[in-house]
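Note: hydrogens, waters and symmetry copies are ignored here, and every other heavy atom, side chains too, is used.
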Amino acid sequence: MKSTRVRRVTFSIALVSALAGVAACSSGSSGGSGKDDKAAQGTTHVSPIAALQSAEKSTDGADSARIESTTSLGTLMSMKSGGSMSWGSGLTGDMTITYTGGTMAEAMRKTGSTSMQARYLSDAYYAKMSEAFAGQMGGKHWIKYAYDDLAKIAGGSGAFLKDQMQNSSPNQSVKLLLASGDVKKVGDETVRGEKTTHYAGTVNVTDLAAKSSHLTASQLADLKKQFTQAGITTEDVDIWVNGKDLLVKAVSKGELSSGTMSSTTYYSDYGVKVAAVAPPAGDTTDFKDLLKSQGLTPGSGDTSSGSGTTS
């Protein structure tokens with residue numbers, strides 16, 4: 001397999017897996033209530049800020065949930081994912097990811113797979129590859145993506161990804177609205193048969209990164225530059241909270257230079273048991289070592305734009 005194709009595919013996997021994890025435990029998307037949501041009767045006299053503060057605390061304390069998510073990034077990719085995630089001690093869990101469209105999905109289909117399993121641990125996540133891809137990688141089925149390596153390779157966006165993967169939880173969506181200063185109650189609605197209250201607002205993505213991460217000034221400057229190059233400025237965030245002050249649905253939407261980015265996530269079964277463990281070492285290859293074996297240098301210019309390289 002050519003090194004350019006390895007670079008493209010492995011970066012595609014990195015982005016797909018990372019987006020699935022971050023989307024599942026940080027936001028939602030697509031600025032609408034959805035086809036299966038209905039207006040519900042009843043009112044609440046609690047202020048939006050007070051209600052969201054309660055929801056932020058309750059969701060954070062729930063520690064785990066079952067998650068279903070759909071995500072799209074313009075013409076680059078679209079996917080759906082589902083599984084169980086825990087955020088009590090960093091982001092951990094298992095997700096099954098299916099590619100549904102875009103250039104990255106096409107690249108993944110060429111490896112013999114339209115879906116994969118992603119496993120998230122506190123210091124890395126793992127992606128399980130198809131038999132065809134494993135056959136070209138020494139028979140190993142799993143690729144390990146260490147967060148420290150991604151931070152070095154992808155600059156500010158990699159550092160932000162590392163921070164989000166290690167600190168995200170579903171209540172991030174609630175925090176976004178609280179931090180935005182632009183939150184309003186939309187109304188009472190029913191989501192998948194459950195009575196909820198719908199809140200909405202708009203956030204500045206660069207300000208958001210500064211408020212919701214632990215990045216250094218130089219990392220934030222690099223991230224802002226990358227956001228600007230991608231055409232990302234603001235993000236509309238909608239959330240639906242149930243009577244137990246738990247997040248039921250989260251939706252976010254923004255614009256990229258390549259089109260619209262959107263994500264919709266549903267949460268259920270809070271408190272579900274999650275037990276994620278690293279795959280067998282003998283069946284795992286490290287992303288950093290994989291790049292080196294193809295003559296690429298992690299952290300240098302030959303890997304920074306890998307996902308867009310053509311063979």
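- If you take CD1 on Ile239 and OH on Tyr199, they are separated by 7.5 Å, rounding to the nearest 0.5 Å.
- Side chains of Asp245 and Ser54: a donor-acceptor N/O pair is present below 3.5 angstrom, by distance only.
- Residues Glu68 and Arg192 form a side-chain contact, since some pair of their non-hydrogen atoms from C-beta on lies under 4.5 Å apart.
- Ala276 and Gly93 get closest at one heavy-atom pair: CB-N, 3.7 Å.
- Following chains of ILVMFWY side-chain contacts shorter than 4.5 Å, one cannot reach Val186 starting from Ile49, and the two form parts of different hydrophobic clusters.
- With hydrogens and angles ignored, the 3.5 Å screen pairs a side-chain donor or acceptor of Trp87 with a backbone N or O of Asp60.
- Looking only at side-chain heavy atoms (C-beta outward), Val183 and Leu52 come within less than 4.5 Å of each other.
- Here the closest heavy-atom approach between residue Pro48 and residue Lys185 is recorded as CG-N, 4.0 Å.
- For the atom pair OG1 (Thr71) and CE (Met261), the distance works out to 11.0 Å, reported to the nearest 0.5 Å.
- His198 and Asp188 share no donor-acceptor pair across their side chains, judged by distance under 3.5 Å alone.
- Looking only at side-chain heavy atoms (C-beta outward), Val241 and Thr196 stay at 4.5 Å or farther from each other.
- Between Ala200 and Asp238 the shortest heavy-atom distance is CB-OD2, 3.4 Å.
- The shortest distance between side-chain heavy atoms of Ile67 and Tyr266 does not fall below 4.5 Å.
- Atoms OG and CD, on Ser81 and Gln117 in that order, are 13.0 Å from each other to the nearest 0.5 Å.
- Remark: Arg66 is not positioned above the aromatic ring of Tyr267, lacking an NZ or CZ atom under 6.0 angstrom from the ring centre and at most 45 degrees off the axis.
- The shortest heavy-atom contact between Ala134 and His141 is CB-CD2, 3.8 Å.
- Using a 4.0 Å cut-off between a side-chain N of Lys or Arg and a carboxylate O of Asp or Glu, Asp149 and Lys288 qualify as a salt bridge.
- Here the OG-CE distance, from Ser84 to Met95, works out to 8.5 Å after rounding to the nearest 0.5 Å.
- Counting heavy atoms from C-beta outward, Tyr125 and Lys144 have side chains that stay 4.5 Å or more apart.
- In the hydrophobic clustering, where aliphatic and aromatic side chains (Ile, Leu, Val, Met, Phe, Trp, Tyr) are joined below 4.5 Å either directly or transitively, Val272 groups with Val274.
- Sequence neighbours left out, the pairs with a member in residues 75-100 that pass salt bridge (charged side-chain N to carboxylate O under 4.0 Å, His left out) are Asp94-Arg119.
- At least one donor-acceptor pair under 3.5 Å links the side chain of Ser78 to the backbone N or O of Gly101.
- If you take CE on Met116 and CD1 on Ile97, they are separated by 4.0 Å, rounding to the nearest 0.5 Å.
- Here Lys249 does not pair with Glu189 in a salt bridge; the nearest charged N to carboxylate O distance is not below 4.0 Å.
- Scanning both residues, Trp240 and Ala250, for their nearest heavy atoms gives CE3-N, 4.4 Å.
- Under the 4.5 Å side-chain criterion, counting only non-hydrogen atoms from C-beta, Thr92 is not in contact with Met85.
- In this structure, the separation between OG1 on Thr202 and NZ on Lys184 is 8.0 Å, given to the nearest 0.5 Å.
- Taking all atoms of both residues into account, the shortest heavy-atom contact from Tyr99 to Ser115 is CE1-N, 3.5 Å.
- Remark: the backbone N or O of Leu247 is paired with a side-chain donor or acceptor of Thr59 at under 3.5 angstrom.
- Applying the salt bridge (charged side-chain N to carboxylate O under 4.0 Å, His left out) test to Asp63 and every residue at least two apart in sequence or in another chain returns nothing.
- A 4.5 Å side-chain heavy-atom check between Tyr126 and Thr284 finds at least one atom pair inside the cut-off.
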